[in-house]
Number of protein chains: 2
Amino acid sequence: MELSATAKVILGMLAARPRSGYEIKTLVDSSARFFWAASYGQIYPELKRLEGAGLITGADAFQGARQRTVYKLTAKGTRAARDWIQRPPETFELRDEGLLELFFAGSIEPARSAEIARERAARASAVAAELRSVEREIEGRHQAEGPEYSPDAGSLTVLKYGIEMNEWAAKWFERAAEDLEREMPEAA
Amino acid sequence: MELSATAKVILGMLAARPRSGYEIKTLVDSSARFFWAASYGQIYPELKRLEGAGLITGADAFQGARQRTVYKLTAKGTRAARDWIQRPPETFELRDEGLLELFFAGSIEPARSAEIARERAARASAVAAELRSVEREIEGRHQAEGPEYSPDAGSLTVLKYGIEMNEWAAKWFERAAEDLEREMPEAA
DNA sequence: ATCAGCATGTAAATGGTTACATGATTAT
DNA sequence: ATAATCATGTAACCATTTACATGCTGAT
């Protein structure tokens, strides 16, 4: 059972409970976008494909006259999700223009190295803060609406990783910026 | 001057000195692949495009009868590279299947969470070790062949970031695996 | 002689984003 | 009223990978 990248997010999102394509998209944007993105142009066609393959089934769930299709996993889909999660991960892709600029700064515009490192530190701080606010929001919902809204250990671990790794990176790049400045006093 | 992703790596690589497409590819693979990839299918057509736009010029540099074209930056190309590096970075993309699995493990196969975290720790360790060996190789070349082979501060900073961040992540995921195991003793 | 590595290139397929089109509902 | 948000979908475009094709050179 070959699963596309998008199929993996969809099966994962439907494992917790049935959802519409729109819901999947907003959830991906609010909780997984930092390490895995998906657009409507991928999600809707993939939902059709997964239904065709018998991994999910869609049911009309009109809200008044507003069209809505809620999908849920079939037994086969549940098995496919379990199989996927038992396999070691294949995809790891990073495309980071900030690191590329820093990588080349030495031979193109040495004076900018420190500046790039400082920008990177600020960016890491901002991401950490954003993820911290997601964390607070989850905790708030948990307190207000009871334990059935508590996320599982795995997704909390991923969130904490995002926060702590960005905080670490912010400190690291701040220090790197200072070092780079000291190395070229002509530019200061 | 809009530069494609591939144009950026090429201009950066040619800023240090003239190189062939093949050389650019091997350099990307050995030093930038961890945060920026490029395939032949991108590099060769892009070299032609950049030459057409007057940012680089190619010169035949036959090695016997073996065809070889070495490209170098034009004045316009140097300016384009400088402009690019002065702009704040745009692209940041991460697609990490390991984190996605961990994210969903709780609702699909909770017993695997700790295992995934441990695999992630091992992966981070392996990447750190690989980058450490790149670092040693650079230091060796520096000692043996003199300072003209010493890489600039920026690319060294990126390399150190790769090493230290992966070492940090290895420790972090190892600890997370222990925590996840403690949280579900039934699975142990 | 043969294989690994140097060297260039392209075609097909895949994967993904963006923009557009359409319409309902809810809150201001 | 009107804007924001819910909701689904597709077509055009762009980027990227993979596989293939070709041939030279140096080492074993």
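Here is how names work: the chains are called A, B, and so on, in the same order as the sequence lines, proteins then strands, and each is numbered from 1.
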Whole Å only: how far is the CZ atom of B:Arg66 from the C1' atom of D:dA27? 13 Å

Any idea which heavy atoms bring B:Ser107 and A:Gly12 closest together, and the distance? OG-O, 4.4 Å

Tell me whether A:Lys25 is salt-bridged to A:Asp29, with the criterion being a basic N under 4.0 Å from an acidic carboxylate O. yes

Heavy-atom nearest nucleotide on DNA chain C taken for B:Val70 and for A:Gln67; more 5' hit belongs to B:Val70

Using a 4.5 Å cut-off on heavy atoms from C-beta on, say whether the side chain of A:Asp60 contacts that of A:Arg68. no

I'd like to know if B:Glu139 pairs up with B:Arg136 as an ion pair, taking the criterion as any Lys NZ or Arg NE/NH1/NH2 lying under 4.0 Å from an Asp or Glu carboxylate oxygen. no

Determine whether A:Met13 and B:Phe104 make a side-chain contact, defined as any pair of heavy atoms from C-beta on separated by less than 4.5 Å. yes

So do A:Arg118 and A:Phe173 actually touch side chain to side chain, heavy atoms under 4.5 Å? no

Which of residues 17-40 of chain A sit near DNA chain C, with a heavy atom under 4.0 Å from it? A:Ser39

CZ on B:Arg49 to OG on B:Ser4, rounded to 0.5 Å: 6.5 Å

B:Arg120 with B:Asp96: basic N within carboxylate O range, under 4.0 Å: yes

Parallel under 30°, tilted from 30 to 60°, perpendicular over 60°: which one fits the rings of A:Tyr40 and A:Tyr22? parallel

Under a plain distance cut-off of 3.5 Å, with no hydrogens placed, do A:Trp84 and B:Glu97 share a side-chain donor-acceptor pair? yes

Value in whole Å for how far the C1' atom of D:dG23 lies from CZ of B:Arg68: 16 Å

Hey, where on DNA chain C does chain A first and last touch, going 5' to 3'? Cut-off is any atom under 4.0 Å from a heavy atom. C:dG16 to C:dT25

Atom pair distance, as rounded to whole Å: CZ in A:Arg95 and C1' in D:dT16: 8 Å

Is B:Ser4 touching bases, backbone alone, or none of the nucleic acid, heavy atoms closer than 4.0 Å? nothing

Can you find a side-chain donor-acceptor pair between A:Thr6 and A:Glu46 that sits under 3.5 Å? no

Enumerate the residues from residues 41-63 of chain A whose closest heavy atom to DNA chain C is under 4.0 Å, giving them by residue number; use none for an empty result. A:Gly41, A:Gln42, A:Gln63

